[in-house]
Amino acid sequence: MGLITRIGGILLFVASFFLAWETFKHYLIANQASLQLKTLGNGHGSMYRLCDETGAAIEKLTSVDFDASNPPSDIKNYFYSIENPKQYLVNGDDAVVVEKGPYTLKKFTVNHDATLTTSTLTAAEAPSTNGAVEYDVASAYIVLDQDTPLTTNMKRSSTDLSLEWSGTQQGLPSHPLLEATMPPHLSMSDTITNLSPAFLSAMGALNDEFNLILSLSCTAEQVVNIDSAGTDSGPGGADKAQCTASQMNDFAETDCACCMLHSEYITNLPAQATFRDCNEFLDDSSTAMSTLSLLAHYDGGVAVKEAGEAKYDGSGDAFVQTKYEQTTIYTPLVQSHTVNDITFGYPSATIGKLVSSALLSTAEKTYYDANDSTRGDAVDVATLMLTGEMDDALPFRLGNAAAYTKKVAAVCYSSCEAVDVGNSLYDSPLGWTCSGNAPGRYETDEPDEIALGGIDCMPYSSTYATVMQCSAIDTHLSTSPGDPEYQACVCADGSSDWAAEGCCLAGGMLDGEDLTGNGCLYEVDGILGSTNYAGTNDSEDRVNIGAAIQSYIARERSSTFSRFMCPASGSGLPEHQLFNRFETIEGQSSYDMYYATGRPRIQQDDKMTTSASDVYSLSASTGSDITYFPPKGMSLETDHNVISSGTARLVPHPVYVTAGKVAVDFMNDKDTGYAVQRAKTCGTNECLVAARMKPVDSSFAR
């Protein structure tokens with residue numbers, strides 16, 4: 001009996017083994033190819049895998065319906081506002097910071113002009129020509145501070161997926177009405193006071209404020225020579241002599257010093273007869289300091305000094321007023337702007353004038369080197385610089401400041417007013433000011449006006465003041481045409497607008513003061529990173545999303561994205577982990593991250609680089625987006641013959657944060673348990689698995 005039992009047990013074990021083997025063969029061998037596609041393959045299991053120019057994947061990518069295939073994004077912006085800016089900057093007090101928000105928006109995005117190309121991330125010996133998808137992106141934003149009906153006149157061609165627009169608009173089926181979600185106590189006109197990222201970026205290109213002031217009068221080489229300024233200027237002498245008036249800011253004059261440091265100047269009596277004390281540039285009534293304060297005032301800079309307080313030049317004298325009769329000194333380092341301007345962008349008079357003036361000698365040297373050592377006309381070179389044609393050669397991209405200034409004129413000129421001729425400020429820029437705001441986005445149908453909807457018009461005061469300055473030059477030259485202290489104004493856009501509304505000047509001299517860059521406005525990007533053309537003058541406040549997208553595509557530069565959407569076939573290849581990874585973002589494979597200056601309040605040491613000699617750090621455009629991640633594989637549960645929801649793998653998923661231009665690693669939250677972090681929805685042939693993830697702490701330990 002025992003033998004029979006043992007034999008029966010053996011037979012049962014053998015039968016069970018063969019049953020298990022047949023099951024194993026059925027699921028893991030017979031269906032091996034199918035299983036690999038869903039677990040370890042090259043993205044076949046993903047609804048986003050895109051290897052063909054037709055099909056569901058590319059239709060999803062280029063959808064214009066804003067339904068489940070391409071839903072709009074919800075945005076909530078919170079801002080920190082400094083309540084004690086003067087005490088923070090001048091006294092070194094801790095900043096009193098108040099958080100304001102949420103300011104809510106809805107973002108509508110369309111991917112268009114999609115093409116397939118060879119990927120740079122594949123290691124295949126014969127890479128597919130369809131490995132990556134390239135496409136342009138256009139967006140429109142709706143501020144959710146009121147109920148907004150939406151319409152569209154846009155559709156996608158059924159033949160080639162191109163965009164088409166008609167003259168008839170209809171209600172947007174997926175979102176006929178956006179309801180207000182912004183708290184009623186908040187408004188896009190709320191004011192935020194904080195450090196100016198745009199000015200800090202300019203300081204990164206010019207090192208610091210003092211270097212900026214010096215660069216308005218001297219070349220970069222002449223500023224460097226300050227450390228060698230001395231009286232030993234004979235043959236073979238190492239010290240540099242003081243630059244003469246004609247040598248100042250001439251890129252060819254590299255063997256003289258801009259000035260002598262104050263500490264050396266006060267102890268070197270022989271040098272005082274021939275050298276200029278560098279502290280003279282810091283005199284509050286000098287042209288440079290007066291201009292800096294005036295432009296900072298236009299740009300919403302905060303007050304840091306009142307009449308009666310000590311001057312910056314170290315003389316101990318009391319400050320009275322600037323050259324332009326300001327009795328308050330303003331700084332551009334901390335500025336106040338409306339939430340509207342911070343969100344969508346605004347003009348900067350400070351950067352438009354000061355940075356262009358500081359870079360002029362660099363631009364002239366660049367032109368000289370690129371044109372067989374031929375010196376270019378100063379006005380011609382300035383025109384090239386102020387129209388954006390020298391951006392790639394300069395350390396700071398000014399863009400087409402001339403054209404942007406003209407656009408601001410269209411919405412702000414009507415807000416400008418000059419004092420009467422008999423007023424003491426008539427000959428001062430302070431007598432030619434603009435105030436108020438441009439028409440809002442719900443007050444016009446003109447796309448260029450919508451893009452500037454609601455901006456603060458105060459910075460345009462610098463442009464309007466060129467009417468006074470250029471008219472004074474014109475009057476003087478009519479009686480003294482040969483006066484070398486006066487030169488006729490030249491608008492960088494080729495117009496003669498200086499006679500009426502003002503313009504961005506590429507040339508002009510008023511009583512010895514160079515006006516190059518006067519009136520020029522620099523376009524500061526909003527935190528959204530793109531221009532918004534969503535607006536209307538419709539009596540029912542209906543916004544045509546299709547028209548907004550069309551205006552964006554027609555007016556904004558191409559912003560090509562490239563993603564790795566078709567990795568090589570096989571099992572477990574390393575490049576499978578790169579599925580959906582960005583290869584380029586807005587046409588760039590890497591970005592400048594920060595400028596190191598050696599000065600803690602300006603330096604943004606976010607890449608572990610502490611050397612002040614490093615000009616900038618590059619961050620690669622890597623990672624996926626926040627919508628979906630590379631497939632990480634599933635697992636078979638041992639007691640069920642089905643594909644399970646899988647087990648979470650503790651591997652980082654890099655997500656590229658566009659606003660920060662850096663990839664942040666995300667990972668499953670092991671502390672809260674995997675069960676509540678994952679969800680699975682299955683159809684007939686495949687399952688869609690979602691996971692809630694959190695940023696990896698090490699991403700911010702830099």
Side-chain angles (χ1 to χ4, degrees), residues 59-75 77 103-114 135-158 160-182 188 339-341 343-345 407 410-411 437-455 525-526 528-559:
E59 289 182 3
K60 174 179 175 59
L61 178 71
T62 59
S63 171
V64 299
D65 296 330
F66 305 112
D67 53 14
S69 62
N70 180 29
S73 305
D74 290 308
I75 297 176
N77 289 329
Y103 298 91
T104 56
L105 303 93
K106 187 80 75 172
K107 178 183 180 181
F108 293 80
T109 300
V110 170
N111 302 323
H112 61 98
D113 293 334
Y135 56 92
D136 280 354
V137 178
S139 301
Y141 301 84
I142 303 296
V143 179
L144 301 179
D145 56 354
Q146 64 179 29
D147 292 345
T148 307
L150 299 184
T151 64
T152 185
N153 65 338
M154 175 179 60
K155 64 179 182 178
R156 184 185 58 190
S157 170
S158 59
D160 60 4
L161 303 182
S162 62
L163 299 180
E164 299 175 348
W165 292 270
S166 66
T168 303
Q169 56 180 304
Q170 60 181 4
L172 186 63
S174 59
H175 296 83
L177 177 69
L178 293 182
E179 297 182 354
T181 60
M182 188 181 298
M188 295 297 283
V339 172
N340 175 79
D341 287 9
T343 302
F344 297 116
K407 292 180 180 179
V411 297
N437 300 91
R441 287 184 169 80
Y442 293 93
E443 301 177 48
T444 178
D445 286 322
E446 173 56 44
D448 289 336
E449 295 181 1
I450 292 174
L452 298 171
I455 62 167
D525 289 335
L528 298 177
S530 62
T531 306
N532 185 27
Y533 291 94
T536 182
N537 194 27
D538 186 279
S539 59
E540 300 178 20
D541 287 342
R542 297 178 303 173
V543 175
N544 186 338
I545 290 295
I549 295 295
Q550 183 180 23
S551 296
Y552 184 97
I553 294 173
R555 288 167 170 78
E556 298 300 311
R557 65 178 178 84
S558 174
S559 55

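Residues Leu163 and Val110 form a side-chain contact, since some pair of their non-hydrogen atoms from C-beta on lies under 4.5 Å apart. Contact annotation: the side chain of Tyr135 never approaches that of His112 to less than 4.5 Å [non-hydrogen atoms, C-beta and beyond]. Looking only at side-chain heavy atoms (C-beta outward), Ile545 and Phe66 come within less than 4.5 Å of each other.
Applying the ring-ring contact (aromatic ring centres under 6.0 Å, His included) criterion to Tyr442, with sequence neighbours excluded, gives no partner residue. In this view, Ser63 and Ser69 satisfy the side-chain hydrogen bond (donor to acceptor under 3.5 Å, both in side chains) rule, not counting sequence neighbours. Partners of Asp538 according to the salt bridge (Lys or Arg N to Asp or Glu O under 4.0 Å) rule, which considers only residues two or more places apart in sequence or in another chain, are Arg542. Shown here are the side-chain hydrogen bond (donor to acceptor under 3.5 Å, both in side chains) partners of Ser559, two or more places apart in sequence or in another chain: there are none. With sequence neighbours excluded, no residue forms a salt bridge (Lys or Arg N to Asp or Glu O under 4.0 Å) with Asp113. With sequence neighbours left out, the salt bridge (Lys or Arg N to Asp or Glu O under 4.0 Å) criterion links Lys106 to Asp74. Residues forming a side-chain hydrogen bond (donor to acceptor under 3.5 Å, both in side chains) with Tyr552 (at least two apart in sequence, or on another chain): none. With sequence neighbours excluded, the residues forming a side-chain contact (heavy atoms from CB on, under 4.5 Å) with Leu452 are Tyr404, Lys407, Val408, Val411, Ile455, listed by chain and number. Considering only residues two or more places apart in sequence or on other chains, Asp445 meets the side-chain hydrogen bond (donor to acceptor under 3.5 Å, both in side chains) condition with none of them. Residues meeting the side-chain contact (heavy atoms from CB on, under 4.5 Å) test with Ser73, sequence neighbours left out: Lys107.
Side-chain N/O atoms of Ser558 and Asp136 include a donor and acceptor closer than 3.5 Å. For the 3.5 Å distance criterion, the side chains of Ser157 and Asp160 qualify, holding a donor opposite an acceptor. Between the side chains of Tyr533 and Glu556, at least one donor-acceptor pair of N or O atoms lies under 3.5 Å.
Contact record, Lys60 with Ala68: NZ-O, 4.3 Å, taken as the closest heavy-atom pair. Of all heavy-atom pairs spanning Leu61 and Ala114, the tightest one is CD2-CB, 4.4 Å.
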For this session: I would like to know whether Val339 and Phe344 meet side chain to side chain contact (heavy atoms under 4.5 Å, CB included); could you show each step before the answer?
Result: CA-CA 8 Å; Val339 172; Phe344 297 116; over 6 Å; no

For this session: Using the side chain to side chain contact (heavy atoms under 4.5 Å, CB included) rule, take Asp541 and Thr148 through it: C-alpha gap first, then chi angles, then the decisive distance, then the call.
Result: CA-CA 6 Å; Asp541 287 342; Thr148 307; 5.7 Å; no

Could you pull out every donor-acceptor pair under 3.5 Å between side chains of residues 138-147 and any protein atom, sequence neighbours left out?
unit_1	atom_1	unit_2	atom_2	d
Ser139	OG	Thr109	OG1	3.3
Tyr141	OH	Ser530	OG	3.2
Asp147	OD1	Ala180	N	2.8

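Residue Leu177 holds its CG atom at 11.0 Å from CG of Leu172, rounded to the nearest 0.5 Å. Rounded to the nearest 0.5 Å, atoms CE (Met188) and CZ (Arg441) are 7.5 Å apart. Here CG of Asn153 is found 11.0 Å from CD1 of Ile549. Values are rounded to the nearest 0.5 Å. Note that the CD1 atom of Ile75 and the OG1 atom of Thr104 stand 10.0 Å from one another [nearest 0.5 Å]. Expressed to the nearest 0.5 Å, how far NZ of Lys155 lies from OG of Ser162 amounts to 10.0 Å. Going from atom CG of Leu528 over to atom CG of Asn77 covers 6.0 Å, rounded to the nearest 0.5 Å.
Contacts classified as side-chain hydrogen bond (donor to acceptor under 3.5 Å, both in side chains) and involving residues 163-175 (residues at least two apart or in different chains) are given here: Thr151-Gln169.
Note on Asp65 versus Arg156: no salt bridge recorded, every NZ/NE/NH1/NH2 to OD/OE distance being 4.0 Å or above.
In this structure, the side chain of Glu443 engages the main chain of Gly440 through a donor-acceptor pair within 3.5 Å.
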